[in-house]
Amino acid sequence: MRIGLFGGTFDPPHAAHVALATLALRELALDELRWIPAGEPWQKSRTITPAAHREAMVRLAMGAEPRFVLERCELLRRGPSYTLDTVRELQAAEPGAMWFLVIGQDQYAGLHTWRDWRELLGRVTLAVANRPGPAQAPHAEVLAFAHRAVPLPMLDIASTDIRARVAEGRDIGSLVPDGVARYIEAHHLYQRPPRPLG
């Protein structure tokens with residue numbers, strides 16, 4: 001089994017996420033790609049949309065692609081969401097698989113700040129998504145450490161911009177899947193405190 005891991009806050013998931021995930025399936029010849037919404041993103045200083053909303057939006061963004069799988073381990077785990085903890089947990093459950101970690105160029109540039117990043121690089125092949133324009137280089141320590149990385153292109157869409165557009169009352173229809181746009185509108189996300197689920 002060739003399994004891709006695609007983690008993130010997904011606040012909200014958008015068209016670039018879907019395009020990248022679809023490209024990763026093809027370019028990395030994956031049997032499945034697991035979307036992993038972060039439970040408690042330890043590097044985010046802003047308030048995060050509640051996990052139940054983000055999980056629901058990821059399910060909508062995944063659509064009907066049978067090789068997309070929602071992985072809930074970080075939502076179920078207490079405390080900060082460290083990627084290495086997730087990789088250890090999943091590899092222990094499926095020791096025979098080959099693992100690919102899909103990350104953004106910005107995450108690659110900051111990888112030296114991640115918990116036990118050397119062990120992480122020994123466990124996975126990185127697939128690094130590059131947005132258009134100049135890329136921030138990874139830290140010299142990361143470059144010097146033997147690891148495998150596969151470049152993937154990524155559309156220039158950011159969740160930050162989508163949240164700002166919603167707050168300003170602007171259209172986001174071209175930036176997120178239809179189901180996600182409808183969900184954001186129905187639950188009044190990014191406008192004022194979100195409506196509770198249930």
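We count residues from 1, following the sequence as given. Owing to the predicted nature of the structure, the values given are computational and were not obtained by experimental measurement.
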Minimal heavy-atom distance between H14 and L175, with the atoms involved, is CB-O, 3.2 Å

Is any side-chain heavy atom of D31 less than 4.5 Å from a side-chain heavy atom of I3? no

Show which residues join L30 in its hydrophobic cluster (side-chain heavy-atom contacts under 4.5 Å, direct or indirect), or state none. F6, F10, V18, L20, L23, L25, L28, L33, W35, V58, M62, F68, L70, M98, F100, V102, V150, L152, M154

Please report the C-alpha distance between T113 and H139 in whole Å, then the side-chain angles of each, then the deciding distance to 0.1 Å, and finally whether the side chain to side chain contact (heavy atoms under 4.5 Å, CB included) criterion is met. CA-CA 10 Å; T113 68; H139 194 272; over 6 Å; no

Beyond-backbone contact of I48 with R54, side-chain heavy atoms, under 4.5 angstrom: yes

Tell me whether V124 is reachable from V69 by hopping between hydrophobic residues (I, L, V, M, F, W, Y) whose side-chain heavy atoms are closer than 4.5 Å. no

Taken in chain and number order and not counting sequence neighbours, the residues that satisfy side-chain contact (heavy atoms from CB on, under 4.5 Å) with L60 are V180, Y183

Return the set of residues passing side-chain contact (heavy atoms from CB on, under 4.5 Å) with D106 (not counting sequence neighbours), or none when no residue passes. none

Any donor-acceptor pair under 3.5 Å from H53 side chain to A51 backbone: no

Side chains of L121 and V142, heavy atoms from C-beta outward: is any pair under 4.5 Å? yes

pair L189-M57: side-chain heavy atoms closer than 4.5 Å: yes

Return the OG to CD1 distance between S174 and I157, rounded to the nearest 0.5 Å. 7.0 Å

Please report the C-alpha distance between E119 and L84 in whole Å, then the side-chain angles of each, then the deciding distance to 0.1 Å, and finally whether the side chain to side chain contact (heavy atoms under 4.5 Å, CB included) criterion is met. CA-CA 8 Å; E119 180 185 342; L84 180 59; 3.6 Å; yes

Taking C-beta and beyond as the side chain, do L90 and T86 meet within less than 4.5 Å on heavy atoms? yes

Using the test salt bridge (Lys or Arg N to Asp or Glu O under 4.0 Å), find all partners of E89 that sit at least two apart in sequence or belong to another chain. R77

Rounded at 0.5 Å granularity, tell me how far CD1 in I36 sits from OG1 in T9. 12.5 Å

Can you tell me how far apart CZ (R170) and CG (D161) are? Round to the nearest 0.5 Å. 8.5 Å

Quick one, N130 and P151 - any side-chain contact, counting heavy atoms below 4.5 Å? yes

In short, P12 meets H17 closest at the heavy-atom pair O-CE1, 3.8 Å

Closest non-hydrogen atom pair, A38 against S81: C-OG, 3.9 Å

If you define the side chain from C-beta out and look only at heavy atoms, does anything of R165 sit under 4.5 Å from D171? no

Between P177 and A15, the two heavy atoms sitting closest are CD-N, 4.2 Å

State which residues pass salt bridge (Lys or Arg N to Asp or Glu O under 4.0 Å) with R34; sequence neighbours excluded, sorted by chain then number. E32, E71, E94

Candidate pair R88 and R123, rule side chain to side chain contact (heavy atoms under 4.5 Å, CB included), full reasoning: CA-CA 9 Å; R88 284 173 176 161; R123 288 176 172 268; 3.8 Å; yes

Is any side-chain heavy atom of W117 closer than 4.5 Å to one of E141? yes

Which residues share a side-chain contact (heavy atoms from CB on, under 4.5 Å) with Q107, sequence neighbours left out: I103, W114

For E185, I'd like to know if atom CD has over 12 heavy atoms of other residues, nucleotides or ligands within 6.0 Å. no

Report whether W99 and M1 are members of the same hydrophobic cluster (ILVMFWY, side-chain heavy atoms less than 4.5 Å apart, transitive linking). yes

Side chain to side chain contact (heavy atoms under 4.5 Å, CB included) between I184 and V166: does it pass, once the steps are laid out? CA-CA 9 Å; I184 290 170; V166 173; 4.2 Å; yes

Grab the two heavy atoms, one from S159 and one from D11, that are nearest each other, plus how far apart they are. CB-O, 3.6 Å

